[in-house]
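Given the structure is predicted, the values throughout are model-derived calculations rather than measurements. Throughout, protein chains are lettered first and strands after them, A, B, ... in sequence-line order, and every chain is numbered starting at 1.
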Number of protein chains: 2
Amino acid sequence: MNLKQLSQMLGLSQTTVSRALNGYPEVNHETRERVLKAVRETGYRPNKAAQRLATGKAGSIGLVMPTSPGNSSDVHFSEFLTGLGEEALRHDFHFVLTPADPNDEVGALRRLAASGNVDALFVNYMRGHDPRLDMLKTLSMPFLVHGRSIGSEPDYPFLDIDNEAAFYDATKLLLQLGHRRFALLNGPIYLDFAIRRKKGVDAALAERGLALDEACVSHTAMTDEQGLFTMERILQMERERRPTAVLCSSTVLALGAVRAINQAKLRLGEDISMIAHDDVLTLLKPENFTVPLTTTRSSLRAAGVRIAERLIGEIKHTDTFPAQELWKAELIVRASTGVAPAD
Amino acid sequence: MNLKQLSQMLGLSQTTVSRALNGYPEVNHETRERVLKAVRETGYRPNKAAQRLATGKAGSIGLVMPTSPGNSSDVHFSEFLTGLGEEALRHDFHFVLTPADPNDEVGALRRLAASGNVDALFVNYMRGHDPRLDMLKTLSMPFLVHGRSIGSEPDYPFLDIDNEAAFYDATKLLLQLGHRRFALLNGPIYLDFAIRRKKGVDAALAERGLALDEACVSHTAMTDEQGLFTMERILQMERERRPTAVLCSSTVLALGAVRAINQAKLRLGEDISMIAHDDVLTLLKPENFTVPLTTTRSSLRAAGVRIAERLIGEIKHTDTFPAQELWKAELIVRASTGVAPAD
DNA sequence: TACATAATTGAAAGCGCTTTGGAAGTCTGG
DNA sequence: CCAGACTTCCAAAGCGCTTTCAATTATGTA
């Protein structure tokens, strides 16, 4: 069933039916009712491809899904996706997910844009001086960045959390509790958030004339396995060098790290303190850890909702938003942080 | 840059350029090279909407993403998605993700099909007598089901694992080790896999004249939180009624359950045995648990790859596949299963 | 040389929708 | 009763691509 058939059925022109459907004012009320009724009865649905071709609007947001045989699926990504979806649902938008080889994200993005399948683009997992930014700026298509790219001119629309401040605050709290030796279990070093979080830690330590022992810093994928391995390694250091405070970039990393701590028969919050960043994953709640975890908290899902909201608003030209948003993370103190043990 | 411009630039007709691009044999080798070179230089990309309109093929697979404010994002879903993406990448396919209110999945599916945005549909999280099946059968569009729907005629294409056999085998192993009282931490009761897994347990027990104590059976979302809560509750039962063996529908549930067991100062594999179903989540490896977990294993990601492969094959009419596949899960014994403790 | 055959290329007709530019028909007020 | 202003509707021109049908040239054969 297409427009032509429908309009013939009704004895109207395609023009009128189309207008009735799209809410144009110049169609008789009675005629519109008749059209709407027919639509209901026949189950007619406009062909999106044709609509897209005619209007240039697709009603969809494109995103590149980093994927490769070796690449792991990522809880953080799916949590975020859920937020995007939640908002998109309200506006009858959908997503076009293009899987891409991580080595060719720029190409994948360009192809996605040129395909005419999407109205706007979205990127995340930003890196330092991210090459995708330059490409996006050349495109005349709305886009939004989740995160930022250190080393690039900040002249693009983004939504980010203040990673540096979050880890600065967390470190400061631990310093106040008397800790002097720190470990940092961070995400991959090339990612912007990891860079900023380390900067936050460094800054807080520098204020006290301290510095991170590089042997206590790791940059790994954010899985519990890596958390376990890294923490095991760190705990094997001789006593006087071993850190008494640990900062984790994710509760997932923390999950493994806590297990390592338990296996070493150390008491979390007493022998060793920990603060993790909490993306508010539904899977993993820091308050449900055996020793509830002190965290810096910012919901990935909420970020997803907000990003969809902004992107859709821009496509529809309904709203204007601040181009750049920086969210503060909350520092929530639970039982995993305690005063530093006496040496 | 569109076809028309490109062909004018080359002094060729749109026809020839189109044919050169799509690999038709009747175009001069030299001409084709010229076209390809121009494409590379200009970065021309065919407009997908136009292609879609002309051919009726969209090069995309539709899937409905269950989403609502209360609904949790799901690691299992994202693991699976990664597999889909991995295969889709090889064929230059993409996914159209339509978020949908869980109460209107049938409607969302129908709209997605009618939109003309997708060539094939995919559904998962099957329920008993799933209403989506009837709808899919009326559509003249290829579809594939991940899982099955107990209570419906099995006359639809699916890929499933043999959940009943997996849990039958697992239960049998525990019986052989002398266990007599069992707990089952299962997924939501309305889901097909949960129903079948319970059937497997029931069947194995019935052979020995045993049955599940309903107080030891839970049907919850598969999060570590629920695992923790449920296990805590179960461990509070009086000693002679308390189960000595636990079956978990997911390693995520097991994660919480193990924590409850640790907190109760019970030794996994000695005081209490556990077998979990392992979807091979990159996040969570059963071999990395403090006490490595005995599991029934079947990779969700591999299922994703296979499903994409079948769906794409069907769309392109390149391959024929068996309509229905039932994969066996492997039973992998690790340290979490031991002989039943003497009463 | 003449004619059949193969190898290349093009013109034009859609695919299903939106939208521009009228064209009727219907109301007003003078 | 008619000019001017609405209202309501339609014909037709695209959007950018594929594909059918046909034309043109090159190659081979008798």
Side-chain angles (χ1 to χ4, degrees), chain A residues 1-36 38-39 42-60 92 111-119 140-141 315-316, chain B residues 1-36 38-39 42-60 92 111 113-119 315-317:
Chain A
M1 171 64 66
N2 56 25
L3 228 211
K4 191 169 179 184
Q5 291 166 5
L6 185 67
S7 56
Q8 276 170 356
M9 207 181 97
L10 286 162
L12 290 167
S13 74
Q14 295 190 35
T15 314
T16 306
V17 177
S18 170
R19 281 187 176 132
L21 258 34
N22 293 311
Y24 281 65
E26 67 267 43
V27 30
N28 190 325
H29 179 73
E30 196 176 299
T31 311
R32 179 173 319 229
E33 288 303 313
R34 217 152 61 81
V35 171
L36 260 27
V39 168
T42 60
Y44 165 79
R45 286 255 124 197
N47 179 308
K48 286 273 181 192
Q51 255 175 343
R52 163 66 176 136
L53 193 54
T55 61
K57 294 277 160 225
S60 66
D92 194 25
R111 285 191 293 275
L112 191 54
S115 78
N117 255 329
V118 299
D119 299 323
S140 50
M141 180 177 285
I315 294 170
K316 292 186 169 176
Chain B
M1 172 64 67
N2 58 23
L3 227 211
K4 191 170 180 182
Q5 291 165 8
L6 185 67
S7 57
Q8 275 170 356
M9 206 182 97
L10 287 162
L12 288 168
S13 73
Q14 295 190 35
T15 314
T16 306
V17 176
S18 170
R19 283 207 271 245
L21 257 34
N22 294 309
Y24 281 65
E26 68 266 41
V27 28
N28 190 322
H29 179 71
E30 197 178 296
T31 313
R32 174 168 321 201
E33 288 303 313
R34 217 154 59 82
V35 171
L36 259 29
V39 167
T42 59
Y44 165 79
R45 283 260 125 195
N47 178 308
K48 287 273 181 192
Q51 256 175 343
R52 163 66 176 138
L53 193 54
T55 62
K57 295 277 161 222
S60 66
D92 194 25
R111 284 191 294 277
S115 77
N117 256 328
V118 299
D119 299 323
I315 294 170
K316 292 187 170 176
H317 300 295

Which of these nucleotides, C:dT9, C:dG16, D:dC17, is closest to any side-chain atom of B:E26?
C:dT9
Is any side-chain nitrogen or oxygen of [X] closer than 4.0 Å to OP1 or OP2 of [N]?
| X | N | answer |
| --- | --- | --- |
| B:T16 | C:dG10 | yes |
| B:N22 | D:dT18 | yes |
| B:T15 | C:dT9 | no |
| B:Y24 | D:dT19 | yes |
| A:N47 | C:dG16 | no |
| A:Q14 | D:dC10 | no |
| A:S13 | D:dC10 | yes |

In whole angstrom, what separates [X]'s [atom1] from [N]'s [atom2]?
| X | N | atom1 | atom2 | answer |
| --- | --- | --- | --- | --- |
| B:Q51 | C:dC17 | CD | P | 19 Å |
| B:R52 | C:dG16 | CZ | P | 10 Å |
| A:R19 | C:dC17 | CZ | C1' | 13 Å |
| A:R34 | D:dC9 | CZ | P | 9 Å |
| B:N28 | C:dA6 | CG | P | 18 Å |
| A:L6 | C:dC17 | CG | P | 9 Å |
| A:K4 | D:dA12 | NZ | P | 12 Å |
| B:L53 | D:dT18 | CG | P | 11 Å |

Where each residue is assigned the nucleotide of DNA chain C containing its nearest heavy atom, which of B:L12 and A:Y44 is assigned the position nearer the 5′ end?
B:L12
Can a donor-acceptor pair be found, under 3.5 Å and without considering hydrogens, that links the side chain of [X] to the backbone of [Y]?
| X | Y | result |
| --- | --- | --- |
| B:T42 | B:L6 | no |
| B:S18 | B:Q14 | no |
| B:S7 | B:L3 | yes |

Tell me, do A:M141 and A:V118 make a side-chain contact under 4.5 Å, heavy atoms counted?
yes
When you compare the side chain of B:K57 with that of B:Q51, does any pair of heavy atoms fall below 4.5 Å?
no
Between the side-chain atoms of A:T55 and the base atoms of C:dT19, is any donor-acceptor pair under 3.5 Å?
no
